[in-house]
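Comments concern the structure below.
Note that ligands are numbered from 1 as they come in the structure, with each ligand's atoms numbered from 1 the same way.
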Amino acid sequence: MRIAFAGVALPKRGAVAVGVMEGRKLSPSAAQLDKRTGGAISRALAASRFSGKADQALTILAPARTQLSRLLLVGTGKADEVSADGAARRGGTIVGHLLASGESDVTVMVDPIKGAKQDDNLRAAHAGYGAKLRSYRFDKYRTKMKADDKPSLKRVTIACSNPAAAKKSFLSLDAVADAVFMTRDLVSEPGNIIYPKSLAEACKPLAELGVKVEILGVAQMKKLGMGALLGVGQGSANESQLVVMQWNGAPDAADQAPVAFIGKGVTFDTGGISIKPAGGMEDMKWDMGGAGAVIGLMRALAGRKARVNAVGIAGLVENMPSGTAQRPGDIVTSMSGQTIEVINTDAEGRLVLADAMWYCQDRFKPRFMIDLATLTGAIIISLGHEHAGLFSNNDELCQRLTDAGKAVGEPLWRMPLGDAYDRAIDSDAADMKNVGDRVGGSITAAQFIQRFVNKVPWAHLDIAGMAWSRKDTPLVPKGATAFGVRLLDRLVAEHYEEKA
Ligand code: BES
Ligand code: MN
Ligand code: ZN
């Protein structure tokens, strides 16, 4: 879909979207259209319950006295709450309404609003960003789609007072959107297409953006002593991989230490010998959502030339049952030297992270470390699909993450850590076991990971409930969400970039 910017002028044809503020207060463009249509908007408002609350929408088809195909009224909330992040959501809502409506063109009027948090041009850029984010589709395997089901919307034109300024702001947002699309593609692909080697291969093009990409195979990981990660992959015909990505966008920074992101990349999780039930197992193709987000994040940072040094590490394995698979009760030695009794081969993500995180600290001495993982079903029991679980040893990092998540619509909820939980993974046979009892399953998983954190600020995001969505939201069509990419990009932009 094409996103374009233009000056303030109501279009003659096609669809037009205008804002209405809370209390049915018309934006300047809405008021102008109301006049042109002999009061069609006022009458529609009077006839409906649309009040202008944020994210409400109301369609008027073929308004009289015009050649327009439709008017879309979009609620913006109160004037002083009109923001760039809100504009992104509205851009997405508009595309959600029009994508397969038969319309091919829409003009979105972004007016100057007195008291708004950001000016109309920055809001326009974000409206374009939201429109693009919502336009994502993964249709490549649907060869027999009916014409009526295909997207019709081809172009979104955002009208604002300074289109050149809006377009300039849009460039870096567009880079982030491209990165989100990359993650969504990777997460949507099935396990026969995306396996450790093909996923590692998919990282290579990041080199064109200036990211240094290294890929470690089984032999190298053996040398490094990554017994925990390798144990998970040993039952699969697909060789495990570790991808190390570096973006050095702040070569002159006083503190050269990078920020680091580590992703769980289980390209398919059958559970291994502790095999999962058949029902719903196909969902486990997206058990690489954490790694997918880390890859997308690196693409976003490089794509918008973020002034930060960042490392992204993806631990890639396939968890399969077979004659060579790891057994329950096996004891493995991790790169840290700590031994692990593998009670349940389905608690594999933490084993992958243990070695990927140790490697990260050992080699890069990062400023902080954030891991993302579709780690536990239990986090879905706790938080549903509304928040990802946040576990951390650092209050400041937690606060920054929580704020960034709220701003971009990828919310986090902090969960506890503590010694009493940690006791649950003590083992009689080894330094620890990979599962506790059933209770507090997300917390004991986080405690396990924390045993591989070495006095560095660290946060763990359990995104099991957030990596895939069964419903559309303003910026995210149902399917792979790329949860974490926009959140962590915002975190970096707000707190960890060098000044220009
Ligand atoms: N990948 C799963 C977690 C998961 C479950 C993600 C549902 C998304 C949706 C993880 O590897 C797993 O199997 N966890 C087990 C842990 C248990 C064996 C302690 C779980 O949550 O049941
Ligand atoms: Mn599992
Ligand atoms: Zn898993």
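- Nearest to the Zn ion (ligand 3), among the N, O or S atoms that D269 has, is OD2.
- Taking a cutoff of 4.0 Å between a charged side-chain nitrogen and a carboxylate oxygen, R134 and D472 qualify as a salt bridge.
- The ligand atoms of ligand 1 that sit less than 4.0 angstrom from a heavy atom of M284 are 1 (N), 6 (C), 7 (C), 8 (C), 9 (C).
- Shown in contact with V435 at under 4.0 Å from a heavy atom are these atoms of ligand 1, numbered in order with element: 19 (C).
- Between the side chain of S322 and the main chain of G235, a donor-acceptor pair closer than 3.5 Å is present.
- Between the Zn ion (ligand 3) and K264 there is an N/O/S contact shorter than 2.8 Å.
- Computed with the Zn ion (ligand 3) at the centre, the D287 OD2 to E348 OE2 angle is 100°, stated to 10 degrees.
- The closest approach of E348 to the Mn ion (ligand 2), by N/O/S atoms, is made by OE1.
- Expressed to the nearest 10°, the angle at the Mn ion (ligand 2) joining OD1 in D346 with OD2 in D269 is 100°.
- Distances below 4.0 Å separate heavy atoms of W286 from the following atoms of ligand 1: 8 (C), 9 (C).
- Looking at R400 and E396, a side-chain N of the basic residue comes within less than 4.0 Å of a carboxylate O on the acidic one, giving a salt bridge.
- For the atom pair M298 CE and F261 CZ, the distance stands at 8.0 Å (nearest 0.5 Å).
- With respect to E410 and R486, a salt bridge is recorded, a charged nitrogen being found less than 4.0 Å from a carboxylate O.
- If you number the atoms of ligand 1 from 1 as listed, the ones under 4.0 Å from a heavy atom of G377 come out as 3 (C), 4 (C), 5 (C), 20 (C), 21 (O).
- Close approach of ligand 1 to N344 is summarised as follows: ligand atoms under 4.0 Å from at least one heavy atom of the residue are 18 (C).
- Between I449 and M357 there is a side-chain heavy-atom pair separated by less than 4.5 Å.
- For R363 against V244, the heavy-atom pair with the smallest separation is NH1-CG1, 3.9 Å.
- Counting only heavy atoms from C-beta outward, the side chains of W413 and L390 never approach each other to under 4.5 Å.
- Under the 4.0 Å criterion applied to side-chain N and carboxylate O atoms, D489 and R304 are assigned as salt-bridge partners.
- Those atoms of ligand 1 with a heavy atom of T376 less than 4.0 angstrom away are 3 (C), 21 (O).
- At a 4.0 Å heavy-atom cut-off, ligand 1 touches L375 through the backbone alone.
- Residue D346 does not count as close to the Zn ion (ligand 3), with no N, O or S atom under 2.8 Å.
- Contacts of M466 with ligand 1, taken as heavy-atom pairs under 4.0 Å, are absent altogether.
- Of the N or O atoms in A464, none lie within a sub-3.5 Å distance of an N or O in ligand 1.
- For atom 16 (C) of ligand 1, the closest non-hydrogen atom on the protein side is R350 NH2, 3.9 Å.
- Between the side chain of E494 and the backbone N or O of L491 there is no donor-acceptor pair closer than 3.5 Å.
- For ligand 1 and D269, the ligand atoms under 4.0 Å from any heavy atom of the residue are 1 (N), 2 (C), 10 (C), 11 (O), 13 (O).
- Electrostatic pairing of D148 and K146 does not count as a salt bridge here, judged by no charged N lying under 4.0 Å from a carboxylate O.
- The protein reaches atom 11 (O) of ligand 1 closely, with a heavy atom under 4.0 angstrom from it.
- Electrostatic pairing of D55 and R90 does not count as a salt bridge here, judged by no charged N lying under 4.0 Å from a carboxylate O.
- Residues D355 and S334 have side chains that never bring a donor and an acceptor to within less than 3.5 angstrom of each other.
- Considering backbone and side-chain N/O atoms, K264 comes within less than 3.5 Å of an N/O atom of ligand 1.
- Considering backbone and side-chain N/O atoms, D346 comes within less than 3.5 Å of an N/O atom of ligand 1.
- Interface atoms of ligand 1 facing E348, defined by a heavy-atom separation under 4.0 Å, are 11 (O).
- The shortest N/O to N/O separation between D287 and ligand 1 falls below 3.5 Å.
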